[in-house]
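Data first, discussion second: the structure below is written as structure tokens.
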Amino acid sequence: MSEREDQHQPAPWDPAGTRPKHDPETLLPATPEPLLPPDADVVDSSAVDEDERDDLLPERRRAGGAAVPAAAKHSAYAPRFQFLTGALVAVGIAALVGIAVLVIAPSTRTPPPPWSPWQPRATGVAGAAEIADHVAREYRDKGKQLVKIDANDLSFKGVPLTVALRTAPEQGGNIQIHDEKGVLYQLCGLTSSCAIDHGKPSTERGLLLRREGLELALYSFRYLKDVKQVVVLIPPVKGKVQTIALYFRRDEVRAELARPLTSSLVPKVPTVENVTLSPDAPLVDRATDEQYLFTLNGSSFNNGGFLVLEPYTPAGDDRLQREIKQQQQAAATSGG
């Protein structure tokens, strides 16, 4: 049988069904379909860098030619940025919570300590009297209270006084008028001239009295409203009249008023014997170094008078002592 004849012979019967009923090649289409749609964008991979090749794959298309968006590419730094964003949000929330606590919660700050362990209950002249009694009991000589202290506003026997401060000649010798609210303290021993009736006059006792005057002024400026000046009359020695005064202005002791009293003056008042060894002795000496001779002069133009303060000098004190004694003798003769 020739080869041509063999091709037209029917296929032998296949009882087991192992031969296909149709030729597989007849099932394929005559022309193969293209792998990409006709309008697909094709990129020449040879013209693209190796790192960018993955990003240039052609877009997939849905049925009908619509492009399907490519899956978003995630940066390798995305987790790190997400962590930083979360941390910033947490910090902001914590700050808002802290502000809310400060606004809503009560303050836990400890209040500053009081300026002094003791303070007067009253104000005005009554408060000055309380200060005088408190301070006077603290200053002693051999166990005895040095002086009693009388307190008043700037007046003498009901007559209001204006301070007339004369500066030293080397400072110009001008007269300064101070009419602000003030307090007048008179330190008096138990004699008719206010001299101290026990102990001996000394430089140490004088420094202790000056310390007493400074303490009176500090209490007054701290606790008496609107007091701007304080005058303290110092006791004389026996045989003399009272002519020496200390003068304080609030602005001059501003530093001492801004800190607790115990930072300026030690709590335990020194004695005559150890006052120069006290840690506060330099401050006392500096704050009270300038002393004045005082006189009271009436004014013919108003119902007040002047408390005249002149820089202290021994010669000036001797002159003033003579003038006062002459006035006293004249008053006694006129009264007799």
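In what follows, residues are counted from 1 in the order of the sequence shown. Keep in mind the model is a prediction, meaning the values are calculated, not measured.
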Between Lys181 and Lys225 (side chain of the first, backbone of the second, donor and acceptor by atom type, cut-off under 3.5 Å), is there such a pair?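 Present.
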Counting N and O atoms only, with roles assigned by atom type, does the side chain of Ser155 sit under 3.5 Å from a partner on the main chain of Leu161, one being a donor and the other an acceptor?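 A pair under 3.5 Å: no.
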Is the count of non-hydrogen atoms from other residues, nucleotides or ligands lying under 6.0 Å from Arg259 atom CZ greater than 12?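 Yes, CZ of Arg259 has more than 12 neighbouring heavy atoms, counting only those of other groups under 6.0 Å.
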How would you list, by chain and number, every residue that makes a side chain to side chain donor-acceptor pair (under 3.5 Å) with [X], sequence neighbours excluded?
X: Glu290; result: Tyr292
X: Gln291; result: none
X: Gln186; result: Gln242
X: Arg319; result: Glu323

Qualifying residues under salt bridge (charged side-chain N to carboxylate O under 4.0 Å, His left out), relative to [X], sequence neighbours excluded:
X: Asp285; answer: Arg210
X: Asp141; answer: none
X: Glu130; answer: none
X: Glu273; answer: Lys142

In the structure I gave you, are the side-chain heavy atoms of [X] and [Y] within less than 4.5 Å of one another anywhere?
X: Val241; Y: Pro236; value: no
X: Ile131; Y: Ser220; value: yes
X: Val284; Y: Leu265; value: yes

Which residue in the set Asp317, Thr295, Asp318 passes side chain to side chain donor-acceptor pair (under 3.5 Å) when paired with Thr243?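 The residue from Asp317, Thr295, Asp318 that satisfies side chain to side chain donor-acceptor pair (under 3.5 Å) with Thr243 turns out to be Asp317.
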Treating Ile, Leu, Val, Met, Phe, Trp and Tyr as nodes and any side-chain heavy-atom pair under 4.5 angstrom as an edge, say whether [X] and [Y] lie in one connected cluster.
X: Leu246; Y: Leu307; value: no
X: Ile244; Y: Leu184; value: no
X: Leu233; Y: Val135; value: no
X: Tyr312; Y: Leu320; value: yes
X: Leu257; Y: Leu216; value: yes

Give, for atom [atom1] of [X] and atom [atom2] of [Y], the distance between the pair rounded to the nearest 0.5 Å.
X: Ile234; Y: Leu209; atom1: CD1; atom2: CG; value: 6.0 Å
X: His198; Y: Lys200; atom1: NE2; atom2: NZ; value: 13.5 Å
X: Asp197; Y: Leu146; atom1: CG; atom2: CG; value: 10.0 Å
X: Gln329; Y: Lys325; atom1: CD; atom2: NZ; value: 8.5 Å
X: Cys194; Y: Asp150; atom1: SG; atom2: CG; value: 7.5 Å
X: Tyr247; Y: Glu252; atom1: OH; atom2: CD; value: 7.5 Å

Tyr139 and Glu215: side chain to side chain contact (heavy atoms under 4.5 Å, CB included), yes or no, with the steps? CA-CA 11 Å; Tyr139 287 78; Glu215 188 167 356; 2.6 Å; yes
Determine the minimum heavy-atom distance between [X] and [Y], stating which atoms define it.
X: Thr288; Y: Leu214; result: CG2-CB, 4.2 Å
X: Arg211; Y: Val266; result: NH2-O, 3.1 Å
X: Thr167; Y: Pro311; result: C-CG, 4.0 Å
X: Val272; Y: Arg205; result: CG1-N, 4.0 Å
X: His134; Y: Tyr219; result: NE2-OH, 3.6 Å
X: Val147; Y: Pro235; result: CG1-CG, 3.7 Å

Name all residues meeting the ring pair (Phe, Tyr, Trp, His ring centres under 6.0 Å) criterion together with Phe294; count only those two or more places apart in sequence or in a different chain, and write none if there are none. none
Mind checking ring pair (Phe, Tyr, Trp, His ring centres under 6.0 Å) for Tyr185 and listing every partner two or more places apart, or none if nothing turns up? none
What residues join Val125 in its hydrophobic cluster, counting side-chain heavy atom gaps under 4.5 Å, either direct or through other members?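 Besides Val125, the hydrophobic cluster comprises nothing; the residue is isolated.
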Would you sort out whether Arg140 and Thr271 count as a side chain to side chain contact (heavy atoms under 4.5 Å, CB included), showing the intermediate values? CA-CA 7 Å; Arg140 298 177 176 271; Thr271 63; over 6 Å; no
Sequence neighbours left out, what pairs pass salt bridge (charged side-chain N to carboxylate O under 4.0 Å, His left out) with at least one residue falling in residues 151-180?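 Those involving residues 151-180 are Glu180-Arg249.
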Take Arg222 and Leu261 through the test side chain to side chain contact (heavy atoms under 4.5 Å, CB included) and record every step on the way to the result. CA-CA 10 Å; Arg222 181 70 186 190; Leu261 178 63; over 6 Å; no
